[in-house]
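Note that these values count all heavy atoms, side chains included, but never hydrogens, waters or copies made by symmetry.
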Amino acid sequence: MHSTDLYLAVIFLAFTVLLFYRTFDAKKAQARDLVPIALMAAMCVVGRMAFSIVPLPNFKPVTAIVMITAIAFGGKAGYLTGALAALLSNFIFGQGPWTPWQMFAWGMIGLLTGVLYKLGAFGVVGQKTTDENGRRKKPIRLCIFGFFCGIFYGWFMNLQYIIGYVEPINFKTISLAYLQSLYFDLCHGACTAIVLYLVAEPWTRKLLRIRKKFGLEVR
C-alpha cells in the first residue's frame with residue numbers, strides 16, 4: 001500500500017473534523033441540531049444493509065439519502081451525513097484505509113448538492129404544489145445529477161484503489177481499473193436516480209416540516 005493513500009486519508013479525516021467544528025462546536029449549536037444528521041446517517045446504514053440483497057453490485061441508496069439531507073438541511077449537514085454514514089456502515093461492511101475516502105466522497109456529494117440546490121439548479125424540491133390530479137412533478141434534474149453523482153463516487157474511489165494497490169501506475173493500469181468498475185458505477189448511479197425519483201419529493205417535504213416545527217437550523 002502506498003503511503004500517499006494514507007496521507008490523503010488523514011487529510012480527508014482532518015477536513016471532516018474541521019467542518020464539524022465549524023458547523024456545530026464553534027457556533028454552540030444545540031443537541032437537537034445534530035438529530036437530523038444522526039437520523040439520516042442511520043437511514044443510510046439501514047438502506048445500505050437492506051439493499052445488499054439486491055443482486056446488482058453497488059446498488060445502494062446512500063448517495064440519494066445524503067442528497068435529500070443536503071436539500072432539506074443544507075450542504076454542511078449533507079456533508080456530515082455522508083461522512084457519518086460511511087464511518088458507521090463500515091462497522092458492518094468493513095473498515096479500512098478506504099473509509100476516509102468514502103467519508104469524503106459521500107460528504108462532498110452532500111455539500112455540492114446543498115450548494116447547487118441553494119443556487120436553484122434543481123428547482124424547488126419538497127415545496128411543489130399538486131396538479132389537478134393531485135400529483136407533483138418529479139425532480140428530474142435532481143435525478144440526473146444523482147445518476148452522475150453515483151458515477152463520480154465510483155471514479156473517486158477508484159483513485160484510492162489505484163494509489164493504494166496498483167503497481168505500476170500508468171495509463172494502461174488506470175484505464176483497466178476504471179473499465180472494471182464501470183458496471184458497478186452505473187449500478188450505483190442508476191440506484192441513486194431511481195431512489196431520488198421515487199422518494200426525493202415526499203421525503204424532502206416531510207423533512208422540511210420537521211425543520212420548521214422544531215426550528216432546526218439550515219447549515
Side-chain angles (χ1 to χ4, degrees), residues 11-48 60-91 99-128 139 141-143 145-146 148-150 152-153 156 188 191-193 195-196 198-219:
I11 292 173
F12 296 153
L13 283 174
F15 180 82
T16 301
V17 172
L18 178 62
L19 185 62
F20 180 87
Y21 174 79
R22 292 285 298 174
T23 304
F24 293 105
D25 290 355
K27 296 183 179 180
K28 302 183 185 302
Q30 299 182 38
R32 66 180 183 180
D33 293 322
L34 291 169
V35 173
I37 294 175
L39 175 62
M40 299 307 287
M43 291 184 63
C44 289
V45 176
V46 173
R48 193 176 178 188
K60 305 292 187 295
V62 179
T63 301
I65 298 174
V66 169
M67 294 174 68
I68 292 171
T69 305
I71 290 173
F73 297 104
K76 290 182 181 179
Y79 181 94
L80 295 173
T81 298
L84 186 59
L87 178 64
L88 295 178
S89 62
N90 278 357
F91 281 106
T99 298
W101 288 73
Q102 290 177 314
M103 293 171 65
F104 186 76
W106 269 322
M108 287 305 297
I109 289 173
L111 182 61
L112 182 59
T113 300
V115 170
L116 290 177
Y117 179 70
K118 191 173 182 179
L119 294 174
F122 311 123
V124 179
V125 182
Q127 305 176 57
K128 297 178 181 179
R141 281 181 286 175
L142 180 65
C143 296
F145 180 69
F148 286 106
C149 281
F152 161 79
Y153 172 88
F156 184 79
H188 189 183
C191 180
T192 302
V195 172
L196 289 172
L198 294 175
V199 305
E201 178 67 26
W203 281 20
T204 302
R205 193 162 60 251
K206 289 178 174 60
L207 290 173
L208 290 175
R209 289 175 184 169
I210 292 173
R211 192 189 81 188
K212 182 178 179 180
K213 179 178 181 180
F214 295 99
L216 301 175
E217 294 188 35
V218 180
R219 302 291 180 178

Next item on the list: Any pair with a residue in residues 103-124 that passes side-chain hydrogen bond (donor to acceptor under 3.5 Å, both in side chains), sequence neighbours left out, goes on the list, sorted by first then second residue, please.
Entry: Thr63-Trp106
Item checked: Interatomic distance, Leu116 atom CG to Met67 atom CE [nearest 0.5 angstrom] -> 9.0 Å
Check: At what distance, to the nearest 0.5 angstrom, does NZ of Lys76 lie from CG of Leu80?
Finding: 9.0 Å
Anything under 3.5 Å between a donor and an acceptor, one on a side chain of residues 82-89, the other on a protein residue two or more places apart or in another chain? List them.
| unit_1 | atom_1 | unit_2 | atom_2 | d |
| --- | --- | --- | --- | --- |
| Ser89 | OG | Arg48 | NH1 | 2.6 |
| Ser89 | OG | Ala85 | O | 2.7 |
| Ser89 | OG | Ala86 | O | 3.4 |

Next item on the list: Decide yes or no for Pro139 and Phe122: does some side-chain heavy atom of the first lie under 4.5 Å from some side-chain heavy atom of the second?
Entry: no
Next item on the list: Would you check if Asn90 and Met103 make a side-chain contact, meaning some heavy-atom pair closer than 4.5 Å?
Entry: no
Item checked: Which residues share a ring pair (Phe, Tyr, Trp, His ring centres under 6.0 Å) with Phe148, sequence neighbours left out -> none
Margin query: With rounding to the nearest 0.5 angstrom, report the OG1 to CD1 distance, Thr204 to Ile68.
Written below: 5.5 Å
Next item on the list: To the nearest 0.5 Å, tell me how far Arg205 CZ sits from Leu207 CG.
Entry: 11.0 Å
Next item on the list: Would you check if the side chain of Arg211 reaches a backbone N or O of Ala72 as a donor-acceptor pair within less than 3.5 Å?
Entry: yes
Item checked: Closest contact, heavy atoms only, Tyr153 versus Ala105 -> CD1-CB, 3.6 Å
Notebook entry, point to check: Going from CD on Gln127 to CD on Glu201, what distance comes out if it is rounded to the nearest 0.5 angstrom?
Noted result: 9.0 Å
Margin query: If we check side chain to side chain contact (heavy atoms under 4.5 Å, CB included) with Leu196, which of these qualifies: Cys191, Cys149, Cys143?
Written below: Cys143
Item checked: Sole residue of Val46, Val195, Val66 in side chain to side chain contact (heavy atoms under 4.5 Å, CB included) with Pro61 -> Val195
Note to self: Please report the interatomic distance CD1(Ile71) to CH2(Trp203), rounded to the nearest 0.5 Å.
What the structure shows: 12.5 Å
Checklist line | Test side chain to side chain contact (heavy atoms under 4.5 Å, CB included) applied to Met108 and Phe156, step by step | finding: CA-CA 11 Å; Met108 287 305 297; Phe156 184 79; over 6 Å; no
Note to self: Using every non-hydrogen atom in the two residues, find where Leu208 and Val125 come nearest and quote the distance to one decimal.
What the structure shows: CD1-O, 4.1 Å
Next item on the list: May I have the step-by-step check of side chain to side chain contact (heavy atoms under 4.5 Å, CB included) for Ile210 and Lys213, ending in yes or no?
Entry: CA-CA 5 Å; Ile210 292 173; Lys213 179 178 181 180; 5.8 Å; no
